[in-house]
Amino acid sequence: MNINSLKYSFRQSLVSLSRNFWLAVVTAVMIAISLAILGGFLLLAVNVGQSIRIIESNVEINAFLYDDADVEAIQAKLDNLQGVQGYTFVSKDQGLVDFGQAIGDTILLSGLEGDNNPLPDLIRVQVEQAETVPELARVIQGYPGVELADYGEELVGMLIRITRWLNALFLGASVLLALGAVFLIVTIIRLSVMARQEEIGIMKYLGASNWFIRFPFLLEGTLMGWFGTMIATVSLGLIYYRVVASLQRESLAFFLQPVTDAERLFPIFAGLLVLGTLMGCIGSYLSVRKYLRV
Amino acid sequence: MIEIRDVKKLYSGMATPALAGVSLEIERGEFVFLVGPSGAGKSTLIKLIFCEQKPSSGSVYFWGKNTSSFKEAELLKHRRRMGMVFQDFRLLKQKTVFENVAFALEVVGKSPKVIREKVPAALEKVGLAGKEKSFPMELSGGEQQRVGIARAIVKDPLIILADEPTGNLDRDNSRQLMDLFARINEGGTTVIIATHAYDVVDRMKKRVVALEAGQLIRDEQRGSYDDEY
């Protein structure tokens, strides 16, 4: 296929698209919606992943001690434990003061001092690397005098479970929508093949190659996919930008640090572009193979 | 150039074969009429030469090569050497005369420059200079068929294959068209015409191949439609 044929194909695709303009728009919007959902899910997954990592890296191991625990022996063991960055001993009295400050109401806690204090002594252990937390917690749990070594695993576990559910939900929804969009492309290309049946017959007699006949239709579907994807990526990008901006304005970004670095966002948007264009291409290929006898 | 050797063609679902063992040779530059009643096998023979159909048995050779063995690229090359003319003209109604003729060059990837040169020359040859911007529906039947012929000759084919080209035309128009085919043939192009129009055949004194019920019953140089004539 030479440059003249390519030009011809482009012209034909555009003519065809303008003939079925509204159907093409609906198809492009379908593709846009399915990809926007898929993209939204990917962005969410990246952000949740980042949040989990941040939470994990900030976790300390709280070693709650029995009342009769030998604190010095435990501290000696922690001094020799590999991966421990440091630790702070928080006595039950100090714990009560901290708790009162945290809830901003010391009166409520009056009467709980001394022997009435329900809090245990506590050693807060800071670790060098987040991924060693579960293992270190297990080791510290084994020390005599340690009642419980806790690092908020419920929170991390819950986050992971929620992410998995959301992943499955979004993935299912976007796959269904993508299938719908591909089916629409098959239909619209079929219409376009039918509208040009006579022309195709003549082209065959004039010695047009199969590819020459097929290519404008493939291009038509691909262009539709591409337009849809452009709508999806641009609107998704704008929405994401606004969400991030409002998080930062509300100072919520401290708790929910959104992913803003280009190296991680670019593959998502580029991937969506490729995927949507590919959907258009596949849809039109299926249609051409089924309905275009050359 | 074309050698048809004991070709049989049976279409699926048909009781009698369209061609029942036909052998025939056509040399380069010949002018050949294929005559015979409807269903005699004329159109099938044209389709076999164009490689639109394959023989059920026997072979069609083009310059010594069996056309059944053509790969896709060869098939394309083969078809591009031929210009087809149809009884119903097969013009695209939404395209102008110029665009219809240009279409033959567009689909084989010719540049706009070549198209601008060749299309007016072809239209001139068929006597339609000045009608470039007309649409097919604005032309008479004879003129429409001239557009069809211009489209066939614009790519300088080796062979013109015409299936009942005058079937929809009156006698005067038919004669003029046959004269046009004769002029094209004088330029060296092989012309093969399947037709019912016995008066034009008799007037032209060209080679006549007569078919009946899928059999070749007569092959005469300077022949007539009917041997009793």
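Below, read A as the first sequence line, B as the second, and so on, with proteins coming before strands; counting in each chain starts at 1.
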At a heavy-atom separation under 4.5 Å, does B/Lys93 approach chain A through its side chain, its backbone, both, or neither? side chain

What's the shortest heavy-atom distance between A/Ser5 and B/Gly109, and which atoms? OG-CA, 3.4 Å

What do you reckon, is OH of B/Tyr61 surrounded by more than 12 foreign heavy atoms closer than 6.0 Å? yes

Portion of A/Tyr205 that has a non-hydrogen atom of chain B nearer than 4.5 angstrom: both

Search all heavy atoms of A/Leu206 against all heavy atoms of B/Phe103 and return the closest pair with its distance. CD1-CD2, 3.6 Å

Taking atom OH of A/Tyr241 as the centre, report whether more than 12 heavy atoms of other residues, nucleotides or ligands fall under 6.0 Å from it. no

Tell me, yes or no, whether the heavy-atom count around B/Phe135 atom CZ, taken from other residues, nucleotides or ligands under 6.0 Å, exceeds 12. yes

Full working for side-chain contact (heavy atoms from CB on, under 4.5 Å) between B/Glu106 and A/Gln12: CA-CA 12 Å; B/Glu106 272 177 334; A/Gln12 280 306 321; over 6 Å; no

Could you check whether atom NZ of B/Lys131 has more than 12 heavy atoms from other residues, nucleotides or ligands sitting under 6.0 Å from it? no

Provide the closest heavy-atom pair for B/Val108 versus A/Gly207 in the form atom of the first, atom of the second, distance. CG1-O, 3.9 Å

Taking atom CH2 of A/Trp165 as the centre, report whether more than 12 heavy atoms of other residues, nucleotides or ligands fall under 6.0 Å from it. no

Would you give the length of the straight line joining atom CD of B/Gln94 to atom CD of A/Glu199, rounded to the nearest 0.5 angstrom? 6.0 Å

With a 6.0 Å cut-off (strictly less than), is the heavy-atom count around NZ of B/Lys110, excluding the residue itself, greater than 12? no

Based on non-hydrogen pairs under 4.5 Å, which of B/Arg80, B/Arg79, B/Lys77 is most in contact with chain A? B/Arg80

Counting only heavy atoms not in B/Phe62, do more than 12 sit closer than 6.0 Å to its CZ atom? yes

Looking only at heavy atoms and a cut-off of under 4.5 Å, which of B/Leu76, B/Leu91, B/Leu75 has the most pairs with chain A? B/Leu76

